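For the numbers below, each heavy atom of this structure counts, side chains included, while hydrogens, waters and symmetry mates do not. Nothing here was measured: the structure is a model prediction, and the numbers come from that model. Per chain, numbering begins at 1; letters A, B, ... match sequence-line order.
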Amino acid sequence: MKAIQNSPLIVDQLSMRYQYKPVLTDVSFQIPEGKTIAVVGPNGAGKSTLLKGIMGLEPTMSGSIKFFGQPLDQKRLAVAYVPQREESDWDFPINVMDVVLMGRHGQLKFWQRPSAQDILIAEQALEQVSMLDFKSRQINQLSGGQQQRVFLARALAQKASLYLMDEPFAGVDVTTEKAIVELFETLKTQNKTIVCVHHDLNTVSEYFDWVLLINARLIAAGPVNEVLTPENLNKTYGGRLSLLNEMTEKLYRSNIDRVHDNG
Amino acid sequence: MISDLWILATASLVAISCSMVGVFLVLRRMSLLGDAISHSVLLGIVLAYLIAGSRSVVAMMIGATLIGLLTAWLSNALHRVSKLQTDASIGIVFTWFFALGVILISIYAGQVDLDQECVLYGEIAFVPFDTIIWGEQDLGPRALWIIGGVFIVNLILILLAFERFKLVAFHPALALSLGVSVSFWHYLLMTMVSLTTVASFDAVGAILVVALLVIPASSAYLLASSLRSMLWFAAGYAQAAVLLGYALAVWLDSSIAASIAVMAGVLLIVTVLVLQWQKQRHGIKVKATVLDDTFH
Amino acid sequence: MGDFVAYNPSYWALFVEFWQLNDPNAVWVLIGSALLGLSASVIGGFAFLRKRSLMGDALAHAALPGVMTAFILFHANTPILMFLGAVSSSFLGLFLMDWLPKNTKIKPDAAMAITLSFFFALGLMELSYIQGLEVAGKSGLDKILFGQAAAMLPHDIYLLSIVAIIVLIMVALFFQKFRLIAFNRSYAKSIGLNIPFYEVLLALLIVMSVVIGLQIVGVVLMAAVLLTPVAAARFWNQNLPGMLMTAGGIGAISGVLSANVSYMAPAMPTGPWMVVMLFILFVISFLFAPRKGLLSNLAQQRQLRRHVCDENVLRTFYILNERHPVNDKKEHSAIDLGLAFGEEAILAVRGIAIGKLKQTLQRLEQKGLLSRTHDTDGWRLTEMGMFAAMTLTRRHRLWESYLTEQLDMDVNKVHHYAEQIEHLLTDEETLQIEQALAQQGALRDPHGRKIPDSRNHPIQDEVAK
């Protein structure tokens with residue numbers, strides 16, 4: 001694979017499993033800076049798991065991940081993660097402003113409260129997604145699209161350079177979809193990089209510069225116009241599980257990785 | 001009269017401390033782990049009695065906290081090693097610990113100043129008679145001092161790390177992605193739950209404490225719009241349950257601790273019913289306006 | 001309580017007396033406890049599969065106020081009254097547990113804890129109120145908290161046995177339906193099964209088991225009788241009928257043992273003893289069960305480690321032979337695999353502890369795969385060893401070819417996958433890989449080394465495993 005200059009994210013031989021089922025096997029890629037990148041693949045292909053593995057939220061079997069050439073712990077604040085909307089408790093007693101301020105927590109010690117400066121940053125982030133009017137609204141009074149924009153504002157408030165978003169376009173209204181696309185443009189002008197799990201093949205070439213095709217392993221990675229070929233899509237969506245998956249599952253089941261000497 | 005005040009003061013502190021940590025248990029969906037810890041803590045208390053040989057507060061606190069953390073850890077380990085569901089492994093661990101505690105109490109009934117009654121009901125009625133005497137001075141009930149101390153520790157921790165507790169409770173994965181050690185805050189919370197249940201043991205026993213942990217916090221969850229207000233509501237519900245429960249106990253000549261827990265539940269039911277009634281009335285109103293619109 | 005003093009020699013006498021089965025009352029208690037353990041464990045199995053393990057805990061606690069209310073209303077303490085009171089309040093608890101999360105923001109776990117603690121508190125409040133009343137028959141009521149088998153009378157046990165048998169019969173009748181719902185709810189729905197009916201039926205059976213357990217186990221620890229046996233049985237059996245039978249057996253044994261304890265120390269609460277027995281049986285299952293137990297797992301792992309070591313050394317022999325100058329110019333099919341190598345040569349190619357290597361070499365010699373050379377201090381492959389080494393190398397290199405050719409993996413990174421998979425591939429799978437390769441019967445691996453062909457080796461039939 002070609003080495004990319006100043007790649008904000010380099011994933012090397014990442015493998016993940018769920019119990020004995022291989023979810024991702026040997027995924028390696030690098031992404032270019034200042035671009036929007038879609039992670040595309042069928043349901044259950046491991047797209048969300050990939051983001052979680054990259055962020056260290058789920059255990060990985062093997063592989064290394066570098067952010068701007070360094071491990072995650074060195075670069076935490078430069079990386080903002082936007083979880084799937086369904087994964088949080090929207091009944092939680094909290095208002096919009098408080099959620100956005102959580103983006104500033106990485107910078108704060110545990111006993112510190114957000115400063116006036118932090119609040120200003122949070123307000124700017126809300127402004128960017130046109131949600132400033134809702135800042136004291138309870139989160140359970142928001143529509144799905146508004147909830148998504150709040151999560152985006154939270155990520156913006158972190159002032160990161162790399163954004164990892166899990167299905168931001170899922171189940172949102174047209175206004176929100178437009179707002180997110182505009183936000184992508186603004187972020188790109190600031191040379192920020194965005195990686196998105198995306199499920200709608202029709203809009204990939206419209207919204208994204210790059211694409212990673214995933215189905216349990218990396219099928220292809222590169223600029224949209226080069227990668228989105230019928231052949232690659234067929235490989236990604238064309239059902240048949242490879243021998244690799246079968247054998248990898250057998251490998252995990254045997255627990256051989258625990259006894260092998262790696263000599 | 002003065003002893004009634006001591007009882008009320010102790011009960012209030014117990015209820016408020018429990019509801020305070022209970023808020024985080026409810027938000028983190030760990031009510032059942034709270035239930036498990038409060039049961040297991042009994043074993044810690046009994047072992048502390050047997051080993052330290054006296055009613056030493058420090059030994060009790062250490063014993064119960066260790067057992068409490070062990071419950072949380074062992075349930076998790078069992079879940080991982082044997083691939084049992086989480087709640088199944090919790091159930092296996094805490095019933096075992098609790099059973100051992102009860103057996104030890106029965107066997108060493110002579111040596112341990114504990115019996116099944118106080119495991120079940122606590123002995124809040126006797127709280128005023130077990131006082132701390134310092135020099136010539138009677139400083140008030142021992143149980144009150146203990147729960148007072150734990151209340152202050154809880155309060156300081158929550159005030160100090162308020163933002164962290166909020167973040168971890170709201171979205172553990174998000175917290176993790178920001179570099180916050182979720183497991184540290186988890187075990188800290190479990191320590192607070194253990195300490196609070198031990199300190200409440202004298203007053204309400206090992207089982208009724210679950211009601212105080214979960215019920216006022218759940219009532220508050222229904223009404224609160226922020227974490228801060230949820231904590232206030234929970235404390236309010238807890239205090240109201242203490243006052244009403246005490247009155248009920250005097251009226252029926254029933255156990256004070258049980259009556260307080262019952263009143264906590266009654267308050268929750270009333271809250272749910274009022275909210276349900278409001279929702280229905282509101283629903284009818286919405287329907288009416290829709291009808292209005294179609295008419296015009 | 002408290003008449004249980006450690007080291008009292010008369011306990012042994014009591015133990016023997018119990019097992020002589022001369023005391024009819026003790027026999028009844030024995031039968032009752034066994035039946036309770038059996039039926040509760042079996043029905044608990046379904047709650048476990050429905051991922052509602054702690055439901056039994058909440059339902060048992062919820063039974064308490066029913067018993068107390070029945071007493072307050074009728075001032076009597078008959079088994080039937082107790083049973084009806086407990087069943088109705090358990091059902092009320094079940095309803096609340098279900099209603100709260102569906103209609104309010106309260107989450108299922110909190111709803112369970114709320115139901116459990118509220119009903120229990122209510123029951124305790126009523127009990128303490130009853131203690132203040134001047135009525136007869138109240139003395140046995142507090143026994144349902146922790147159970148007291150020895151205090152049961154024959155008519156208690158008749159009712160208990162009948163209900164336990166009804167529960168078992170219902171399980172047998174509806175076994176297929178319950179299994180279907182437990183394993184694949186949406187499928188069961190799609191074929192038109194009346195799921196709400198079966199759910200309520202299952203809940204009713206759980207409630208009945210909980211209620212008959214009140215006098216033996218008590219409400220506080222009933223959860224363990226529903227839950228622990230099936231968790232233990234999971235280590236012994238894979239299929240559901242076997243699992244339920246094992247669970248029932250474990251439940252029955254613990255019931256019998258606690259009846260025994262209750263006979264020896266009548267004032268002791270029985271429930272905690274039963275839970276401790278169950279936990280001991282659980283730990284035994286966890287450690288010693290064949291195949292899924294911890295010790296068996298460790299033994300399997302040890303076996304696997306040896307197996308891997310053996311095969312690694314065999315393949316090292318192949319590589320050493322292949323690289324040897326003698327074979328430099330030879331056709332691949334003709335290379336000599338019978339050269340002898342010392343420990344140092346092996347260690348130079350493969351990182352392995354020297355002690356472990358010596359053991360492995362000896363093991364391979366015993367298996368007839370290696371033979372010691374007497375003139376030099378070395379080892380060489382036997383005919384059978386050559387075949388094994390070729391087969392392994394073939395699998396390794398075919399897999400490497402597959403990964404690079406079919407999956408575009410980096411040539412430099414495929415080795416460690418092959419290193420592990422070579423130990424696991426069957427002949428059939430090797431054939432599958434071969435067929436997946438573009439060039440059938442590929443001769444070279446991605447590193448450019450030849451892939452040995454062990455298929456038509458004369459020794460193949462002899463070593464067919």
Side-chain angles (χ1 to χ4, degrees), chain A residues 1-3 11-15 20 22 24-30 61-64 88-94 138-141 213-222 231-232 235-236 240-263, chain C residues 101 104-107 110 297-298 300-309 311-313 315-316 319 346-353 356-357 360 395 398-399 402-404 406-410 412-426 429-437:
Chain A
M1 192 189 309
K2 285 186 310 230
V11 173
D12 190 27
Q13 287 197 289
L14 178 72
S15 291
Y20 294 126
L24 291 170
T25 307
D26 194 67
V27 172
S28 306
F29 61 86
Q30 308 186 356
M61 292 281 302
S62 60
S64 86
S88 42
D89 174 11
W90 293 99
D91 285 331
F92 198 94
I94 194 170
Q138 244 318 111
I139 56 168
N140 65 359
Q141 293 166 356
L213 289 175
I214 298 247
N215 189 0
R217 60 187 198 90
L218 186 71
I219 309 286
E231 191 200 347
N232 277 340
K235 265 197 205 166
T236 315
R240 201 173 68 88
L241 276 178
S242 68
L243 211 50
L244 174 73
N245 258 26
E246 252 173 71
M247 291 304 126
T248 313
E249 182 167 348
K250 189 170 181 185
L251 191 76
Y252 292 156
R253 244 175 226 292
S254 73
N255 287 327
I256 213 162
D257 48 317
R258 280 196 226 155
V259 300
H260 207 275
D261 56 16
N262 285 321
Chain C
T104 70
K105 297 199 286 186
I106 292 171
K107 303 291 180 276
N297 266 339
L298 288 178
Q300 281 165 22
Q301 205 159 319
R302 200 177 135 94
Q303 190 84 35
L304 185 65
R305 183 173 287 133
R306 285 188 176 166
H307 176 74
V308 165
C309 245
E311 297 196 338
N312 284 344
V313 169
R315 222 172 59 74
T316 308
I319 291 166
I346 298 169
L347 287 173
V349 178
R350 178 144 215 119
I352 180 173
K356 220 159 120 187
L357 176 63
T360 311
R395 288 177 190 167
L398 277 174
W399 187 245
Y402 174 76
L403 291 181
T404 42
Q406 295 293 310
L407 305 177
D408 310 316
M409 279 195 194
D410 190 339
N412 300 315
K413 290 172 180 168
V414 292
H415 173 72
H416 84 265
Y417 283 102
E419 191 66 13
Q420 298 188 346
I421 212 88
E422 67 183 33
H423 306 293
L424 302 169
L425 292 177
T426 60
E429 284 159 351
T430 317
L431 194 69
Q432 257 181 305
I433 297 166
E434 215 186 314
Q435 284 164 350
L437 289 173

Exercise. Could you state the interatomic distance from NZ (C:Lys105) to CG (A:Asn140), rounded to the nearest 0.5 Å?
Worked result: 5.5 Å

Exercise. For A:Ser62, is it the side chain, the backbone, both or neither that has a heavy atom under 4.5 Å from a heavy atom of chain C?
Worked result: neither

Exercise. Does A:Asp26 reach the side chain of C:Tyr417, with side-chain heavy atoms less than 4.5 Å apart?
Worked result: yes

Problem set entry | Heavy-atom closest pair, residues C:Leu304 and A:Ser254 | CD2-O, 3.1 Å

For this session: Select one option (side chain, backbone, both, neither) describing which atoms of C:Thr426 are under 4.5 Å from chain A's heavy atoms.
Result: both

For this session: Step through the shown structure and confirm whether more than 12 heavy atoms of other residues, nucleotides or ligands are within 6.0 Å of CD on C:Gln303.
Result: no

Seminar exercise, completed: Turns out that what part of C:Ile433 lies under 4.5 Å from chain A's heavy atoms comes down to both

Exercise. Is any side-chain heavy atom of C:Glu429 closer than 4.5 Å to a side-chain heavy atom of A:Lys250?
Worked result: yes

Exercise. What's the shortest heavy-atom distance between A:Leu244 and C:Leu403, and which atoms?
Worked result: CD1-CD2, 3.6 Å

Exercise. Can you find a pair of side-chain heavy atoms, one from C:Leu425 and one from A:Met247, that are under 4.5 Å apart?
Worked result: yes

